Amino acid sequence: MNKQEKVVKYSFGISGTPVAKARPRAFANKAGHIRMYTPKKSREFENMVRQRAEQVFEKPLQGPLRLEVTFFLPRPQ
C-alpha cells in the first residue's frame with residue numbers, strides 16, 4: 001500500500017442462522033424447456049444480506065478489497 005491509499009473499514013451484522021448456498025435446481029416447464037432456479041431458502045438469505053449491505057454501503061466499493069466473514073452457528077444436536 002502506498003502513502004496515498006487510505007484504509008476504510010466497514011462492519012455490519014446479520015441476525016439469524018447463516019444459510020449455505022444451495023445448488024441451482026432445474027425443472028422442465030410445460031413447453032419442455034429446462035428452467036433453473038435458486039431454492040427459496042438460499043434466495044431469501046441472499047436477499048437479506050444484499051439489503052443489509054445496501055444500507056451500509058452508499059455505492060459499490062472499488063479497488064482492492066479484503067473481506068473477513070465470521071459466522072456464528074448453532075451447536076449441532
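In this text the structure is predicted, and so the values were computed from the model without any measurement. The figures that follow rest on heavy atoms only: side chains count, while hydrogens, waters and symmetry mates do not.
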Asker: Between S42 and A22, what is the shortest heavy-atom contact and its length?
Answerer: OG-N, 3.0 Å

Asker: Please lay out, stage by stage, how R50 and E54 fare under the test side-chain contact (heavy atoms from CB on, under 4.5 Å).
Answerer: CA-CA 6 Å; R50 179 182 45 79; E54 287 174 347; 3.6 Å; yes

Asker: According to side chain to side chain contact (heavy atoms under 4.5 Å, CB included), who are the partners of K40, at least two apart in sequence or on a separate chain?
Answerer: R43, E44

Asker: Of all the heavy-atom pairs spanning P39 and R23, show the shortest one and how long it is.
Answerer: CD-O, 3.5 Å

Asker: Report whether F72 and F45 are members of the same hydrophobic cluster (ILVMFWY, side-chain heavy atoms less than 4.5 Å apart, transitive linking).
Answerer: no

Asker: A26: what forms a side chain to side chain contact (heavy atoms under 4.5 Å, CB included) with it, not counting sequence neighbours?
Answerer: I34, M36

Asker: With F57, which residues qualify under side chain to side chain contact (heavy atoms under 4.5 Å, CB included), at least two apart?
Answerer: Y10, F12, A53, L61

Asker: With sequence neighbours excluded, what pairs up with R66 under the side-chain hydrogen bond (donor to acceptor under 3.5 Å, both in side chains) test?
Answerer: E68

Asker: How does the hydrophobic cluster around F27 look, that is, which other residues are in it when side-chain heavy atoms under 4.5 Å mark a link?
Answerer: Y37

Asker: Mind checking the CZ-OG1 spacing from F71 to T17? Nearest 0.5 Å is all I need.
Answerer: 12.0 Å

Asker: I'd like to check the side chain to side chain contact (heavy atoms under 4.5 Å, CB included) partners of K30; sequence neighbours left out, ordered by chain and number.
Answerer: none

Asker: Give a yes or no on whether the backbone of P24 and the side-chain of T38 come within a donor-acceptor separation of less than 3.5 Å.
Answerer: no

